[in-house]
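Right, one structure below, let's go through it.
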2 protein chains.
Amino acid sequence: MEKQTVTIYDVAREAAVSMATVSRVVNGNPNVKPATRKKVLEVIDRLDYRPNAVARGLASKKTTTVGVIIPDVTNEYFASLARGIDDIAMMYKYNIILTNSDENGGKEVQVLNTLMAKQVDGIIFMGNRVTPELREEFKRSKAPIVLAGSVDDEKSQPSVNIDYVAAVAEAVKNLIDHGNQKIAFVSGPMDEAINHDYRLKGYKKALKDANIAFDDKLIFETDYTYKAGQALEPALTAAGATAAFVGDDELAAGVMNGLTDANVAVPDTFEVITSNDTKLTELVRPKMSSITQPLYDIGAVAMRLLTKLMNNETVDENTVILPYGLMKRSSTK
Amino acid sequence: MEKQTVTIYDVAREAAVSMATVSRVVNGNPNVKPATRKKVLEVIDRLDYRPNAVARGLASKKTTTVGVIIPDVTNEYFASLARGIDDIAMMYKYNIILTNSDENGGKEVQVLNTLMAKQVDGIIFMGNRVTPELREEFKRSKAPIVLAGSVDDEKSQPSVNIDYVAAVAEAVKNLIDHGNQKIAFVSGPMDEAINHDYRLKGYKKALKDANIAFDDKLIFETDYTYKAGQALEPALTAAGATAAFVGDDELAAGVMNGLTDANVAVPDTFEVITSNDTKLTELVRPKMSSITQPLYDIGAVAMRLLTKLMNNETVDENTVILPYGLMKRSSTK
DNA sequence: CGCAAGACTGAAAACGCTTTCATATCAAAG
DNA sequence: CTTTGATATGAAAGCGTTTTCAGTCTTGCG
């Protein structure tokens, strides 16, 4: 009762040609007489022949699939990038093997290895904690790897991002311009390069430009979760902050709702600005002002870059920086 | 400069055994003398040998990868299922090929075909519009297919869901019990089975049980988007509705915010209850009451079911129904 | 000490395709 | 006609594993 698979050999026999010829017509090789092509095509249709991609992969050493490592699909930010990645991948006839890493170094290394074992033609990596071990695996990979919406201190790999330092600096300057002096910096784990090495730098720069002393009492390191943000209210007010820059939208929603629930008026007595411009910013009330990022495009461009790399095309610039913006909504004055 | 790949043959030579033996130790076959195993393992380690999964797949006819068709990763509901799927998949050593379908029949058929060409061991399908063509492809597949959080009128495939009819009926009854007589039914496209054949049925049942006449002026068919929901306010009030059941959280958030923005007080003068219990319900103000679904588990159970099917284990029940609940938050009295 | 029954191991045949290389065909040119 | 340079085609060698089948060794035991 097992369904019988029809192979290239069956087609060759039925069409009275060699496998080589069948292979040629399947792959659109022009060196086939039109009459022959027609005959083969008919048989293919009649037998409902579908080439086995695994065999093809083994013979050609190309699988037309790329691996995508994502911290968590459930996170709006990364999901948006993933969507961009998949669309472009599909456009170039690639498929995506998607795996959640939870930004867990061990899991990332393991996943990377199974992707390589599966002979993916390329890899897109999302995650901001590029450990030395990870970097080691990257080097050992013969498939090109590009980072999307993720930074590595050492810039060891091609990547596409926005200029986080400048974006955060501008966001914070905006807060300063509104008269705030004690501005909280609420971020995810500080061992992520994007937090300790980019956002924080932007924050400090804005302060310095405005001659405001840096005060580490205003630095709040926590998880990227709604609950964590919500729980921050007492500490925030205790520290005397009157505004906050937040590194993640869900976290920011938590911060804002936490404040509101404690009767701290946003934006009147406390301003909040967030980082990722996901849908969330529009759903909450007040709507959140945010740094804007071309989320979909970051993924799309990363995938496009990867196709070039997989094709051995020369690319002029390996680390691409997309433009950001600032969107004023209702959580800032 | 191309990195050299080491094959099973290299290991065999270095260890002075046959490929067969190497294969055995790699696959944990017990029929290998401990001393031999040790020797081979050492060589594997020394040469840093990693089995080629593609070759393996060709020889064994198993790829340890499953295809996942999802309407849109960017949708919280499906993303949550996807996370459950991936976790269980990883637990059973499978990888996921993820593709967005936009619930577009043509794209779905095409994607299904490329998944089959890639010899996936199984497929998880999400999407509520199972067309005859699609059903045809399902049948032709030799890899088992299970539907997750998705229904097919004809129950042609194994699936895991909740009892949508009962859940919606209960939700609507709740609204009726609060004294509402004109309850709007706001749903996504009616050509999706889940809407026209399940949710609507539950809605009608609740009305009937309460002796309320069905009025199709209260049926609102629209897109699953925030904007669409927001735009619904005028129509909703014009129809005289005092409450609404909504088939999607993002849509519901739109409906609710639309009402609020038009100074219709939720829940005091208009109650809203939604369907999917995603994170969103907690982010908006007022928080939305919702049917609760074990989102992660729907995905997880679907994947688990698939592993059994792929293993040819006998499963007692092909269509599993998980429990639902009703979570009262602040958008209902 | 002889022998059957495991326990191990290796040779070689798949798996279903791509690709190289050689050969065959053919039209145009001489 | 013969030659020549494309143009078409086929044979066969991989691609890197798994798996079957047939041994070859070891044991335990009478």
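Chain letters run A, B, ... following the sequence lines, proteins first, then strands; residues in each count from 1.
Distances shorter than 4.0 Å separate none of the side-chain N or O atoms of B/Tyr9 from OP1 or OP2 on D/dT18. At C/dT18, one or more side-chain N or O atoms of A/Asn27 fall inside 4.0 Å of OP1 or OP2 (strictly under the cut-off). Phosphate contact (OP1/OP2 of C/dT9, side-chain N/O of B/Thr36, threshold under 4.0 Å): present. Side-chain nitrogen and oxygen atoms of A/Thr7 include none within less than 4.0 Å of the OP1 or OP2 phosphate oxygen of C/dC15. OP1 or OP2 of C/dG16 lies within a sub-4.0 Å distance of a side-chain N or O belonging to B/Lys61.
If you check every strand for non-hydrogen atoms under 4.0 Å, B/Arg50 touches sugar and phosphate atoms only. Among the atoms of the strands shown, only primed sugar atoms or phosphate atoms (P, OP1, OP2) are found under 4.0 Å from some heavy atom of A/Val17.
One finds no salt bridge joining B/Arg140 and B/Glu136 here, because no Lys/Arg side-chain nitrogen approaches an Asp/Glu carboxylate oxygen to under 4.0 Å. Between B/Arg83 and B/Asp86, none of the side-chain N atoms (NZ, or NE/NH1/NH2) sits under 4.0 Å from a carboxylate O, so this pair counts as no salt bridge.
B/Gln119 places no side-chain N or O within 3.5 Å of a backbone atom of B/Lys61 that could act as its donor or acceptor partner.
Checking A/Asn52 against B/Lys33, the closest nucleotide of DNA chain C that is more toward the 5' end is the one next to B/Lys33.
We find that CZ of B/Arg56 is positioned 10 Å from P of D/dT19, with the value rounded to whole Å. If you measure from atom CD of A/Gln119 to atom P of D/dG16, you get 9 Å, rounded to the nearest angstrom. The distance between atom CG of B/Leu58 and atom P of C/dT18, rounded to the nearest whole Å, is 12 Å. To the nearest angstrom, C1' of D/dT19 lies 11 Å from CD1 of B/Ile8. To the nearest angstrom, P of C/dC15 lies 12 Å from CE of A/Met19. D/dT18 atom P lies 15 Å from atom CG of B/Asn31, rounded to whole Å.
Taking the side chain of B/Arg24 as heavy atoms from C-beta on, and the options C/dT18, C/dT20, C/dT9, the nearest nucleotide is C/dT9. For A/Ser23, the listed nucleotide lying nearest its side chain is C/dT19; candidates were D/dG16, C/dT9, C/dT19. When each of C/dG10, C/dT19, D/dT17 is scored by its nearest atom to the side-chain atoms of B/Thr21, the top-ranked nucleotide is C/dG10. Comparing D/dA8, D/dT18, D/dA11 against the side chain of A/Ser18 picks out D/dA11 as the nearest. For B/Ala59, whose side chain is taken as the heavy atoms from C-beta onward, the closest listed nucleotide among C/dT18, C/dT9, D/dT18 is D/dT18.
When side chains are defined from C-beta on, B/Phe125 counts as touching B/Glu108, because their heavy atoms get closer than 4.5 Å.
Of all heavy-atom pairs between B/Pro158 and B/Leu309, the closest is CG-CD2, 4.0 Å.
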